[in-house]
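A short write-up of the structure that comes next.
Numbers restart at 1 for each chain; the letters A, B, ... are given by sequence-line order, proteins then strands.
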Amino acid sequence: MLFYDINKPNFMQGFLMSSIKRLLKKYGKNRLHLITFLKELQAEKGFIAEKEVQKLAEALGLSMTEIEGVITFYHFLTDKKPGKYVVYLNNSITSEMAGMEEVARSFEQEAGCRFGETSADGLITLLQTSCIGMNDQEPAALINDVVFTCLNQEKVKKIVAWMRQGKPVQEMVEEFGDGANRHELVRAMVKNNIRKAGPVVFGDFKPGEAIRKALDMAPEEVIEEVKKANLLGRGGAGFPTGLKWEFCRKEKNGEHYVICNADEGEPGTFKDRVILTERPQMVFEGMAIAGYAVGAKLGLLYLRHEYTYLKKYLEHVLQKMREEGILGQNIAGKGFDFDIEIKMGAGAYVCGEESALIESAEGKRGEPRDRPPFPVQKGYLNQPTTVNNVETLATATQIITHGAGWFRSMGTPVSAGTKVLSVSGDCEKPGIYEVEFGLTIKELLEMVEARDTLAVQVGGPSGNCISEAGFDRKICYSDLATGGSIIIFNKTRDLFAVVRNFLDFFIEESCGWCVPCRAGNVLLRKKFEKIAAGRGTLQDLKEIEAWGKIIKSTSRCGLGQTSPNPVLTTLANFRELYESRINKEADFIPEFDLKEAVAEACEITGRKFTEEHEHA
Amino acid sequence: MSKPVIATASLAGCFGCHMSILDIDERILDLIELVEFDKSPIDDIKNFSRPVDIGLIEGGCCNSENVEVLRAFRKNCRILISVGECAIMGGLPAMRNTIPLRECLEEAYLHSPTVAPEDAVIPHDEELPLILNRAYPCHEIVKVDYFLPGCPPNADLIWEALTALLQGRPLKIDYPILKYD
Ligand SMILES: Cc1cc2nc3c(=O)[nH]c(=O)nc-3n(C[C@H](O)[C@H](O)[C@H](O)COP(=O)(O)O)c2cc1C
Ligand code: SF4
Ligand code: SF4
C-alpha cells in the first residue's frame, strides 16, 4: 500500500529535497562523497533521476555532465528506472563453464524479458556483469546486492516465484555458507572453500599482538622489518612493500594516507573476499601498521561494490577494534592515532588500478592518472599515499608478529613467503589454497585434483595462458607471477571461447581514455573472430601480434598494457590451434560479403542483388 | 624501359585527397617525367588500358560501385595504396555506421526539410549502385599494401611515398608531416 499520493505535484520535489539535504547534512557539502551520495540516492528508488542530478549538481557546485559522467562510468549506478529486483548475472568464463547460458535462459523465461531489459510489469531487470568474485561457486549472481551462488534452473524458478510474491531478497537466502559467512551481519550463502590454510594469512593469529608490537618499534624499524622480509605486493605488480612504505614516509609534506585495495576485479580472483571474511582484523592491523610506518592517521578500505554484503560486518569488526583500543585514538595507549573508513566502489575493474582507485575514492570517474607522480608522492587528495593489496597488508601483520626470518624461511629466495591462490575451473577442489612460492603448476594441479588439463590461466585474463609444456613452471615473481587467479581448462574446453570471453571483458572494462586500449581491443576482437570463423590467413596472425604489441606499448595503464594477453599468450602457447583454423595458402581473405552488405538496401528499395553487382 | 604506371580513384571520398596530390605543385611536372597515368580522374581515363604498377585509392566503400572499382584496382594494380582517412578508416562517410541504413535513407529522402512531400521517395532505380549497410575501409574488402594517413595526407607525404616507392628506397618523413593535430 502506498501511504503517499504520488500524483500530488509537490510530493517528489519535497522528497528529493529532503533526501539530498539529509545526505549533505550527513556527509558535508563535499564532492569527495559523490559516489556515496549517488549510491544512497539509488538505494531509495533504484536509480538516480535527472532531477536529483540537477539538485546535487547545484548543491556541490558541479556541472550536471560531471555527475552524469560519474553515473555512467560505473556498472552499478544507473539513471534508468530498473525493476524492483535487479539481477546481475555473472558472465565470467567459469560461470559460462558452469552453465550460465542455461541459467540465463531460465531467468529470461521466468521473468518474461531478455537480458538488458526490465519485465513488462516492472518487477525484474536482468543484467550481466563481469566476475563478482565467486568463481568457485558459479553460476553466481547479485540480486539487489545479495549474492546467489551455484544457480541452476530450479533455483532460478524458485527465486523468480518469490519475486512475484514480493519476498525481500535477503529472505531468499535459505542456507548460509561456512565461517563468518554465517555471521548475523553477513548471512550470505557464499562459501569460503579454504582447501589449504597456509602458515601466514590463514596461520595462527592473535588479534592485537602485531599492532602492539609495531608500536613498540620505531616506524623506520617497522619498514626495515618488512624490507628484510622481502615482502612483494600481492595485488599483481609485485612491488616491494617496504620500499613503497619508505618512499611514502620520505615524502615530508602533507597528510599521509593508507589505502587497502579490496577491489579484487581480476576475473578468477576471490582470495581477498575470503581473507576479508575470515581475517579482517589481520588486514586492518596491517593497515594500522602501514599507517604507523608511513605517518598516516587515516586508512581507507576500498571495497568493491560486489562485496557490499560484507560491509556491515567489516564495520562491526572496526568498531570492535576501536572498543578494544587497537584502532582510533591513542592506539594501545602508545600515542598513535589511526582510523579506518570503508569506501565503496561502484563496479569498474579499472578501479583496481591504484591511481584509478584513488580517483574513484575521491568521488570521480575511475580513470587512471598519469604517473609520475606516483601515489606515494601524490595520491589520495594529492597527498602521499600507499596503496596495498588486502593480502599484502594481512601478510605484513604476520611479518611483524613472527619476524622477517620466519617469513623468509618459506617460499623462494626472490619470492619469500606464501601466496593465497584462488583456484577455479575444471578441477575437483576449487577454492582457496595458501601455498609457498615455488610451487609448480603440475604440483598445483595435483593438489586441486585437476585431470586432463588443457590449459591453466595464471593471473587471470591479464596473465598468461599456459599449456602442458609450461606445467613445470613455478608460481613466483621470477617465473609465473600472479595476483592469485588460477583458472583451469580441461581438454573438452574450447580455448577460443575463453579468449573471446576475456577480450569482451577488457573491451567492456576499458575506461576509454587511450585509443589503443579503447579501439585497439575492438579491432583485435574483430581479427580474432575472423580467424575463429575460419577466414583468417597467416597475415592475420601477424597482424594480431603486431597490433597486440602496439596496444601493450602505447596504453596508459596496466589494463591496456595487458589486454591483448589473452590472444597473445594463447597464440604463443597454442599456436597450432590458430593455425588449424586459418587458410595457409590464401594471401588475403576478406571479411566482406557484398551480397550481405547490400541485403538491407535491397529490402528497403525492393531491388534485387544480381550477379552483375558481384562481378561487374 | 617504359615508365611505371599509376592509376587513381576516388570512391566514397571528397576528392580532397586528389587535391592533395595536385598540391605537390610544380613537382607534378617531375612526376609526369617519372610515371604515366592510366585510369584516373586526373587524365579522365575511365577504364584500365594495361597492367598498372601503383594504384592510389581515395575514399572507402559506400556502395556496390565503389566495391566494383576497388576490386578492379586490386586486379589491375601491382601495389595498392589507401590514401587518406576515408580509405583507411571509412572517414566521414562512416559517421552513418552507427545509424540504421533505413533511418539514414528516410532522413535524407523522406523527412528532410527540402523534400517536397508529394515526391518523397527513396531512390530505387536499377541503374543506381546499391548502397552498403555501412561504409567500409578498403582493406576490409581487398588486400591493401600501404596506407598513407591524413585527411588529406600532406602533399609532401604523398610525394615522398611515391618517389620512395619508385626509387625503391625507405621513406624519410619529417615529424611535422606525420603530426596530426
Ligand atoms: C586494471 C588493473 C586492475 C587491478 N586490480 C587490482 C585489484 O583488484 N587488487 C589489487 O590489490 N591490485 C590491483 N591492481 C594493482 C594495483 O594497481 C596496485 O599495484 C596494487 O594494489 C598495489 O598493492 P600491492 O603492492 O600490495 O600489490 C590492478 C592493476 C590494474 C592495472
Ligand atoms: S589503458 Fe585502457 S583502461 Fe588504462 S587508461 Fe588507457 S583506456 Fe583507460
Ligand atoms: S580523407 Fe579527407 S580529404 Fe581524403 S577523401 Fe576523405 S575527407 Fe576527403
Side-chain angles (χ1 to χ4, degrees), chain A residues 507 512 514-516 518-533 535-544 546-547 550 554 582-616, chain B residues 11-12 47 60-75 78-80 88-90 94 96-110 121-145 147 149 180-181:
Chain A
I507 289 170
C514 330
V515 177
R518 182 187 67 231
N521 282 311
V522 175
L523 293 176
L524 207 57
R525 178 175 61 186
K526 235 177 127 193
K527 201 48 114 191
F528 170 80
E529 290 300 353
K530 187 180 173 206
I531 293 165
R535 298 173 75 87
T537 61
L538 272 175
Q539 179 63 23
D540 289 316
L541 290 188
K542 271 192 208 143
E543 282 178 14
I544 277 199
W547 296 0
I550 292 172
T554 56
I582 62 167
N583 182 330
K584 283 194 187 147
E585 270 75 59
D587 179 42
F588 177 83
I589 304 177
E591 291 162 79
F592 179 78
D593 182 286
L594 183 58
K595 193 172 174 185
E596 262 171 43
V598 299
E600 219 177 326
C602 288
E603 195 198 310
I604 295 168
T605 58
R607 292 172 57 190
K608 279 210 172 62
F609 176 78
T610 63
E611 283 302 299
E612 223 173 284
H613 290 116
E614 185 75 78
H615 299 293
Chain B
L11 308 178
N47 294 306
C61 291
C62 268
N63 62 37
S64 55
E65 193 218 2
N66 296 152
V67 175
E68 182 190 323
V69 174
L70 180 62
R71 284 175 173 166
F73 263 73
R74 181 69 276 182
K75 209 149 90 205
R78 213 157 51 80
I79 293 169
L80 199 59
I88 298 173
M89 308 254 214
R96 79 165 163 99
N97 285 3
T98 54
I99 304 165
L101 181 58
R102 184 182 288 275
E103 225 173 278
C104 288
L105 292 173
E106 286 178 353
E107 179 63 28
Y109 295 109
L110 305 183
V121 64
I122 293 174
H124 55 266
D125 195 291
E126 291 295 335
E127 289 299 306
L128 293 170
L130 279 163
I131 200 151
L132 307 183
N133 55 347
R134 62 178 175 91
Y136 290 81
C138 295
H139 64 269
E140 287 190 17
I141 295 174
V142 300
K143 179 172 183 198
V144 174
D145 302 296
F147 302 85
Y180 304 102
D181 55 14

Is E126(B) close to chain A through its backbone or its side chain, or both, or neither, when contacts mean heavy atoms under 4.5 Å?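 Both parts, backbone and side chain.
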Counting only heavy atoms closer than 4.5 Å, note whether I131(B) contacts chain A via side chain, backbone, both or neither.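 Backbone plus side chain of I131(B), per the 4.5 Å heavy-atom cut-off to chain A.
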Under 3.5 Å donor-acceptor, [X] side chain and [Y] backbone:
X: R535(A); Y: P590(A); result: yes
X: D145(B); Y: L80(B); result: yes
X: R607(A); Y: D125(B); result: yes

In terms of side-chain geometry, is the basic nitrogen of E543(A) or K530(A) positioned less than 4.0 Å from the acidic oxygen of its partner? no
Going by an N to O cut-off under 4.0 Å, is there a salt bridge joining E107(B) and R96(B)?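 No, no charged N to carboxylate O under 4.0 Å.
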At a heavy-atom distance under 4.5 Å, which candidate from A599(A), A601(A), A597(A) has the highest pair count against chain B?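 Heavy-atom pair counts peak at A597(A).
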Where does F588(A) contact chain B at under 4.5 Å (heavy atoms): side chain, backbone, both or neither? side chain
Between K595(A) and chain B, with a heavy-atom cut-off of 4.5 Å, which part of the residue counts as in contact: side chain, backbone, both or neither? neither
Residue selection (most heavy-atom pairs with chain A, distance under 4.5 Å) from L105(B), N63(B), I122(B), L132(B):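 Winner by heavy-atom pair count: L132(B).
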